[in-house]
Amino acid sequence: MSAIQATRGTRDILPEEIPYWQHIEAIAREILGRAAYQEIRTPIFEQTDLFARGMGEATDVVSKEMYSFQDRGERSLTLRPENTAGVVRAFVEHNLQAQGGIQRLWYLGAMFRYERPQAGRQRQFHQLGLESLGSADPRADAEVIAIANDWLQAIGLKNLRLEFNSIGDRTDRQHYREALIAYLTPHKADLDADSQDRLTRNPLRILDSKDQNTQKILQAAPSILSYLSPESQKRFEQVQQLLSDLGISYRLNDRLVRGLDYYTHTVFEIQSDDLGAQATVCAGGRYDGLIAELGGAETPAVGWASGIERLVLLLQKMQKPPVKALDFYLVSRGDRAEAQALKLAQTLRQTGFSVELDLSGSAFGKQFKRADRSGAAACLILGDAEADSQTVQIKWLASGQQASLAQAELLANPDALRQQVQTAQTEA
RNA sequence: GCGAGCGUAGCCAAGUGGUUAAGGCAGAGGUUUGUGGUACCUCCAUUCGUGGGUUCGAUCCCCAUCGUUCGCCCCA
């Protein structure tokens, strides 16, 4: 009888890995909070139509990567492949724009895409993202990029690079699209098979083909930047100026296009070279048309999303996980002592200390061995002798110093005890 | 969806068509029946992802399947 395994493309995040996640999330909460962002939690599944309209029917994500199913009421539902559409849906549904000003929202949660699993790519994965809804000001673009930058830096990641581009508004892009098709059509026979197919389906995406010959042909291709209207050009330059003023370095990449249809003007990716084929850890841009597309008022917006698994992979490559800080490991042996040990553990916990209680009942020698491995600052020892006299032995594991004191005395001055624990922990 | 590699204990890992599947780490017990981090001893896979086939016999060969890794596609 074989045991059931986690399904393909999903995985368990075991306690050993959790410190990395908590580190990433804690810093995000801090930095997003300081930037006046508020958390939003939207459903994990939505009506299929929301994603089809939001991301574009022709995109790969919609056409072949969605986890869609019918529920018992015959509704077509889809596990969210990304969360911008869901956040925008909530924004429109609850009329958040009526609250005035701009809405700054962030989210964290599981996303689902039916793809072939690979390093840094699962079918269920987690994204942390933000959406700044309601401002067309170039400062909004620069602000969201600056927040991403601060966050990734505060996490401790190095060697990241920001790729930055503008794809203009719809009209700019239409003109460019025509020019690109006009340029590539004579070379069609020399393009790789995928690119030939994309020439009619989604020509902009030919730009990031990895095929060498295609890239060679593209060297002389027209640039999107030559097709920006004067207004689009101006806002592109403004965002760049703001980034420079903030001291954020970026690489202009006029070949950077994004896979989802809703982007306008600013698009960017933050990439790492340490992840193999999945280089992008954070990506986003402006999406001025999406909110109206989904039934809301015409509202400019900009945002990004970041894949947590990829950040965890990068962190694991560069640092050891933080060791858990345990204050006390409590060993006990004998009927009276064991009964008292639980009470003592609870009292210490209620006073604010962390305590691991050894439940094995095995020989003291074994319990000490576990105490040592627990990483605790001190071992508390409770045998029947101590139980009878209402005392406890405290042994500081790093120094080996041991003392006997009344249980009441241990808790008489929590601040002093906390001080001792901290001293022991910093020494260890 | 396409191509290639891999799958031996919790982890790392050797191995061979033939009655008993190395080793290391971790774990459990003991030397030490109330004192850890060292040392020594003992234990820890009727079984080699799963199912089928070839064979007198398969962990090893073949097929299928599941999972995984790398690349493509695509994306965070």
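Residue numbers start from 1 in every chain, and the chains themselves are labelled A, B, ... in the order their sequence lines are given, proteins ahead of strands.
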Would you please name every residue forming a salt bridge (Lys or Arg N to Asp or Glu O under 4.0 Å) with A:Arg89, sequence neighbours left out? A:Glu46, A:Glu93

How far, in whole Å, is [M] from [N] if one measures between their [atom1] atoms?
N     : M     : atom1 : value
B:G3  : B:C75 : P     : 22 Å
B:A14 : B:G57 : C1'   : 23 Å
B:U55 : B:U50 : P     : 23 Å
B:U59 : B:U46 : P     : 13 Å
B:G17 : B:C73 : C1'   : 42 Å
B:C43 : B:C70 : C1'   : 40 Å
B:C11 : B:G18 : C1'   : 31 Å
B:U16 : B:C60 : C1'   : 7 Å

Contact class for A:Gly9 vs. all strands (heavy atom < 4.0 Å): base, sugar-phosphate, or nothing? sugar-phosphate

Under the side chain to side chain contact (heavy atoms under 4.5 Å, CB included) rule, collect the residues that match up with [X], sequence neighbours excluded.
X        : answer
A:Glu386 : A:Leu382, A:Thr391, A:Gln393
A:Ala140 : A:Ser132, A:Ser135, A:Arg286, A:Val302
A:Asp192 : A:Asp194, A:Ser195, A:Arg198, A:Ser209, A:Asp211, A:Thr214

Protein-to-nucleotide contact annotation, 5' to 3' order, nucleotides 30-42 of chain B [B base; S sugar-phosphate only; - none; under 4.0 Å, heavy atom]: B---BBBB-----

Can you give one letter per nucleotide of nucleotides 71-76 of chain B, going 5' to 3': B for a protein heavy atom under 4.0 Å from the base, S for sugar-phosphate only, - for none? BBBBBB

Taking only residues two or more places apart in sequence or in another chain, which ones pass ring pair (Phe, Tyr, Trp, His ring centres under 6.0 Å) with [X]?
X        : answer
A:Phe364 : none
A:Tyr250 : A:Phe164
A:His187 : A:Tyr183

Could you tell me whether A:Asp60 and A:Arg205 have a side-chain N and a carboxylate O separated by less than 4.0 Å? no

May I ask you to decide whether A:Lys317 forms a salt bridge with A:Asp274, counting only side-chain N to carboxylate O separations under 4.0 Å? no

Aromatic ring pairing A:Tyr227/A:Tyr176, orientation class (parallel under 30°, perpendicular over 60°, tilted between): tilted

Base-paired stems in RNA chain B, each at least three Watson-Crick or G-U pairs under 3.5 Å: B:1-7 with B:66-72, B:10-12 with B:23-25, B:27-31 with B:39-43, B:49-53 with B:61-65

Just wondering, do A:Ser249 and A:Arg161 contact through their side chains at under 4.5 Å, heavy atoms? no

Flag the pair A:Trp151 / A:Trp106 as yes when their ring centroid distance falls below 6.0 Å, and as no otherwise. no

Under a 4.0 Å heavy-atom cutoff, the residues of residues 248-257 of chain A touching RNA chain B are none

Only distances under 3.5 Å count here; give the side-chain donor-acceptor pairs of residues 115-122 of chain A to other protein atoms, sequence neighbours excluded, each with its distance to 0.1 Å.
unit_1   : atom_1 : unit_2   : atom_2 : d
A:Gln118 : OE1    : A:Arg121 : NH2    : 3.2
A:Arg121 : NE     : A:Arg116 : O      : 3.2
A:Arg121 : NH2    : A:Arg116 : O      : 2.7

I'd like to know whether A:Arg11 forms a side-chain contact (heavy atoms from CB on, under 4.5 Å) with A:Gln124, so could you lay out the CA-CA distance, the side-chain angles of the two residues, the decisive distance to 0.1 Å, and finally the verdict. CA-CA 8 Å; A:Arg11 62 188 205 100; A:Gln124 175 177 339; over 6 Å; no

Rounded to the nearest Å, what distance is computed from the CG atom of residue A:Asp12 to the C1' atom of nucleotide B:U68? 14 Å

